[in-house]
Peer 1: 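One structure is given below, represented as structure tokens, and several questions about it will come after.
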Amino acid sequence: MARQTARSSARRGTRAGLAALLVLPLALGACGGGGGSTSSGSSDTLRVLDYYNSDPNKTLWNDAIMACGKTVGMKISRESVPGETLIQKVLQQSSSKTLPDVLMLDNPDVQQIAASGALAPLDDLGVDSSGVAEGVLSASTYEGKLYGLQPVTNTIALFYNKKVLEAAGVTPPTTWDELKTASAKLTQGEQYGFAMSNVNTYEGTWQFLPFMWSNGGDEKNIDTPQTAQALQLVKDLLDSKSLSQSSVNWTQADVADQFTAGKAAMMINGPWNFGTLDKVSGLEYGIVPIPVPQAGGKTVSPFGGEAWTVPQTGDKDKQKKAAELVQCLNSDENEVKISLGTGTVPTKPALADQVTSQNPNLKAFADQVPDLRARTGELGADWPKAATKIYTAVQNALVGGMTPEDALKQAQNG
């Protein structure tokens, strides 16, 4: 389920928006009744709720949860629901004061649920977050308090077809100029040199962010020269026919299909595609960081993945045990094991070598972890509005005939 976890992380902004709209019921459930919802179940059992309901995540996380239950001396009652229903389930449980003892949330949702008062600060429960990348921690931090701890993460990078690039005498690009040159040279017949998702959803925003952020663009105000330059790059690739016009309708899954079918020599995508790519006979691919504006620059990418939280159940003793379980799930051993099993990378940069030595394909993703940036890091609950502005501007520039400057200005002020 690595594919679903990472891919839907880019799309799950819809649930983040839902959470923002419905924080009042959460707040009422969490804060009413003199200090919080009441967890059901016996005193020796921790109730755990997540959306890891298909393998490999289902089995790997179940094993980790059960083992950690033994470590902290508690029985486990685990419920796994479809990803699109998790927030609805949380709202229902908050209303009925039956929140679980441990709750997994997609990282963009943590701040909004924390703002409702439904979560307990992990700092106050003695959870140690040392070693975790700052960008990852920021996604689960609200008003200076940490509310979630995320063991593994995923992001995006540049995949390339080794045989195609070698035959064309092209080396994987590292800068924007190199990307344009390589993409043009690799565009032949039905094969485009480059592919990415520019769809008018949060998925399109997710894929544009590395170009925007690496050039100094910022979601607080997208009407800037830095963001316009990033959008101009994408427009140049499309106008030169190095990038298909159909990319404005492609999801990341569609992009992967183009790559595996030999219709794209390079693509922006994530490690959740390993399983699909590795099944294609004769396909040899490499992965490098997404090209940056100038040589020597750093790629700044968004990250996906889930954080483990402790709801405000009103049972202080069980909350302490729940916090111990969260700490255990984020142990070095579990981070490495889950990363290797799901095609993700540890959120602790110090563990990267243990993973990449066993799966070299993860190196381009692991190398980005220290510089990963939270989508909600600056705007918190207002991130979905900014994400909508970004993909709207991209669409207007690529389909609507507007200049990047005009598209960004309209979207920012619209």
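Basis for what follows: all heavy atoms, side chains included, without hydrogens, waters or symmetry-related copies. Since this is a predicted model, take the numbers as computed values, not measurements.
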Peer 1: Of the non-hydrogen atoms in Ser116 and Ile113, which two are nearest, and what is the gap between them?
Peer 2: OG-O, 2.5 Å
Peer 1: May I ask you to test the Phe194-Leu186 pair for a side-chain heavy-atom distance under 4.5 Å?
Peer 2: no
Peer 1: Any side-chain donor-acceptor pair under 3.5 Å between Asn154 and Thr344?
Peer 2: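 Short answer, no.
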Peer 1: Using modelled atom types only, decide if a donor and an acceptor are shared between the side chain of Gln226 and the backbone of Asn215 within a distance under 3.5 Å.
Peer 2: no
Peer 1: Would you find a donor on one side and an acceptor on the other, under 3.5 Å apart, between the side chain of Asn273 and the backbone of Thr276?
Peer 2: no
Peer 1: If you define the side chain from C-beta out and look only at heavy atoms, does anything of Asp218 sit under 4.5 Å from Trp213?
Peer 2: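 No, their side chains stay 4.5 Å or more apart.
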Peer 1: So Leu119 and Val310, do their side chains get closer than 4.5 Å, heavy atoms only?
Peer 2: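 Contact flag for Val310/Leu119 side chains = no.
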Peer 1: Side-chain contact, heavy-atom cut-off 4.5 Å: Thr227 with Phe208?
Peer 2: yes
Peer 1: Do any side-chain atoms of residues 123-136 form donor-acceptor pairs under 3.5 angstrom with protein atoms, and if so which ones, sequence neighbours left out?
Peer 2:
from	atom 1	to	atom 2	distance (Å)
Asp123	OD1	Leu146	N	2.7
Asp124	OD1	Lys145	NZ	2.9
Asp128	OD1	Ser130	N	2.9
Asp128	OD1	Ser130	OG	2.9
Asp128	OD2	Ser130	OG	3.2

Peer 1: As a quick check of understanding, evaluate side-chain contact (heavy atoms from CB on, under 4.5 Å) for Lys348 and Asp332, giving each step before the final call.
Peer 2: CA-CA 8 Å; Lys348 298 172 187 170; Asp332 292 359; 2.8 Å; yes
Peer 1: Angle class for the Phe159/Phe365 ring planes (parallel below 30°, perpendicular above 60°, tilted otherwise)?
Peer 2: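 Tilted, since the angle between the ring planes falls between 30° and 60°.
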Peer 1: Considering only heavy atoms from C-beta outward, does the side chain of Val336 approach that of Leu340 to under 4.5 Å?
Peer 2: yes
Peer 1: For Trp308, what residues pass the ring-ring contact (aromatic ring centres under 6.0 Å, His included) criterion, not counting sequence neighbours?
Peer 2: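 By the ring-ring contact (aromatic ring centres under 6.0 Å, His included) rule, Trp308 matches Trp61.
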Peer 1: Indicate yes or no: does Glu324 engage Lys321 in a salt bridge with an N to O separation below 4.0 Å.
Peer 2: yes
Peer 1: Using salt bridge (charged side-chain N to carboxylate O under 4.0 Å, His left out), reason through Asp55 and Lys58 one step at a time and then give a plain yes or no.
Peer 2: CA-CA 5 Å; Asp55 282 327; Lys58 178 181 179 180; over 6 Å; no
Peer 1: For the backbone of Thr141 and the side chain of Gln111, can you confirm whether one donor and one acceptor N or O come within less than 3.5 Å of each other?
Peer 2: yes
Peer 1: Can you find a pair of side-chain heavy atoms, one from Lys235 and one from Pro404, that are under 4.5 Å apart?
Peer 2: yes
Peer 1: Output the distance between atom CG (Leu329) and atom CD (Glu335), rounded to the nearest 0.5 Å.
Peer 2: 10.5 Å
Peer 1: Output, in order, the C-alpha distance, side-chain angles, deciding distance and verdict of side-chain contact (heavy atoms from CB on, under 4.5 Å) for Met266 and Leu179.
Peer 2: CA-CA 10 Å; Met266 301 182 292; Leu179 176 62; 4.0 Å; yes
Peer 1: Locate the shortest heavy-atom distance separating Leu398 from Val234; write the atom from each residue and the value.
Peer 2: CD1-CG1, 4.0 Å
Peer 1: Could you check whether Arg373 pairs with Glu219 (Lys NZ or Arg NE/NH1/NH2 to Asp/Glu carboxylate O, under 4.0 Å)?
Peer 2: yes
Peer 1: Do we see a donor-acceptor contact under 3.5 Å between the side chains of Trp176 and Gln229?
Peer 2: no
Peer 1: Using every non-hydrogen atom in the two residues, find where Ser138 and Ala374 come nearest and quote the distance to one decimal.
Peer 2: OG-CB, 3.5 Å
Peer 1: Side-chain donor-acceptor pair under 3.5 Å between Asp353 and Ser357, yes or no?
Peer 2: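 Result is no, nothing qualifies.
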Peer 1: Report yes or no: does Glu203 contribute a side-chain atom to a donor-acceptor pair with the main-chain N or O of Val199 at less than 3.5 Å?
Peer 2: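 No; judged by distance alone, with no hydrogens or angles, the pair does not exist.
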Peer 1: Between Leu99 and Ala118, what is the shortest heavy-atom contact and its length?
Peer 2: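 Of all heavy-atom pairs spanning Leu99 and Ala118, the closest is CD1-O, 4.3 Å.
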Peer 1: Can you pull the side-chain hydrogen bond (donor to acceptor under 3.5 Å, both in side chains) pairs that have at least one residue in residues 405-414, sequence neighbours excluded?
Peer 2: Asp223-Lys409, Thr403-Asp406
Peer 1: To the nearest 0.5 Å, what is the distance between CG (Asn198) and CG (Asn249)?
Peer 2: 10.0 Å
Peer 1: Determine whether the side chains of Asn396 and Tyr391 contain a donor N or O and an acceptor N or O closer than 3.5 Å.
Peer 2: no
Peer 1: When you check the side-chain N and O atoms of Gln232 and Asp236, is any donor under 3.5 Å from an acceptor?
Peer 2: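 Judged by distance alone, the side chains do pair up.
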Peer 1: For the atom pair CG (Asn330) and CD1 (Ile338), what is the distance rounded to the nearest 0.5 Å?
Peer 2: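 Reported value, rounded in 0.5 Å steps: 10.5 Å.
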Peer 1: Take atom CD in Glu166; do more than 12 heavy atoms of anything else shown fall under 6.0 Å from it?
Peer 2: no
Peer 1: Looking at Ser339 and Val345, what are the two nearest heavy atoms and their distance?
Peer 2: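 So the minimum-distance heavy-atom pair works out to OG-C, 3.3 Å.
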Peer 1: Only pairs at least two apart or in different chains count here, so list each salt bridge (charged side-chain N to carboxylate O under 4.0 Å, His left out) that has a residue in residues 240-268.
Peer 2: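 For residues 240-268, and leaving out neighbouring residues, there are no salt bridge (charged side-chain N to carboxylate O under 4.0 Å, His left out) pairs at all.
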Peer 1: To the nearest 0.5 angstrom, please state how far the CD atom of Gln252 sits from the CE atom of Met267.
Peer 2: 9.5 Å
Peer 1: With a 4.0 Å cut-off, would you call Asp101 and Arg47 a salt bridge?
Peer 2: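 Answer for the salt bridge query: no.
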Peer 1: Do Ser214 side-chain atoms and Pro210 backbone N/O form a donor-acceptor pair below 3.5 Å?
Peer 2: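 Checking the backbone N and O of Pro210 against the side chain of Ser214, a donor-acceptor pair under 3.5 Å is found.
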Peer 1: Looking at Cys328 and Asn334, what are the two nearest heavy atoms and their distance?
Peer 2: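 What the structure gives for the nearest pair is O-ND2, 2.9 Å.
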Peer 1: Quick one: pull up CD in Gln258 and OG in Ser247 and give me the separation to the nearest 0.5 Å.
Peer 2: 10.0 Å
Peer 1: For residues 286-305, tabulate all N or O donor-acceptor pairs below 3.5 Å that involve a side-chain atom, not counting sequence neighbours.
Peer 2:
from	atom 1	to	atom 2	distance (Å)
Thr299	OG1	Ile290	O	2.7
Ser301	OG	Gln368	OE1	2.7

Peer 1: For Lys363, check salt bridge (Lys or Arg N to Asp or Glu O under 4.0 Å) against everything at least two apart and list the hits.
Peer 2: Asp367
Peer 1: CD of Glu333: more than 12 outside heavy atoms within 6.0 angstrom?
Peer 2: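 Atom CD in Glu333 is not packed in, count stays at 12 or less.
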Peer 1: Under a 4.5 Å cut-off applied to non-hydrogen side-chain atoms, are Ser244 and Tyr192 in contact?
Peer 2: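 Yes; the side chains approach each other to less than 4.5 Å.
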Peer 1: With a 4.5 Å limit on heavy-atom distance, are the side chains of Ser240 and Lys180 in contact?
Peer 2: no
Peer 1: Consider side-chain hydrogen bond (donor to acceptor under 3.5 Å, both in side chains). Of Asp50, Asn62, Asn57, which one does Ser80 pass it with?
Peer 2: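 Only one of Asp50, Asn62, Asn57 forms a side-chain hydrogen bond (donor to acceptor under 3.5 Å, both in side chains) with Ser80, namely Asp50.
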Peer 1: Can you tell me how far apart CD (Glu306) and CG (Asp106) are? Round to the nearest 0.5 Å.
Peer 2: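 These two atoms lie 5.5 Å from each other.
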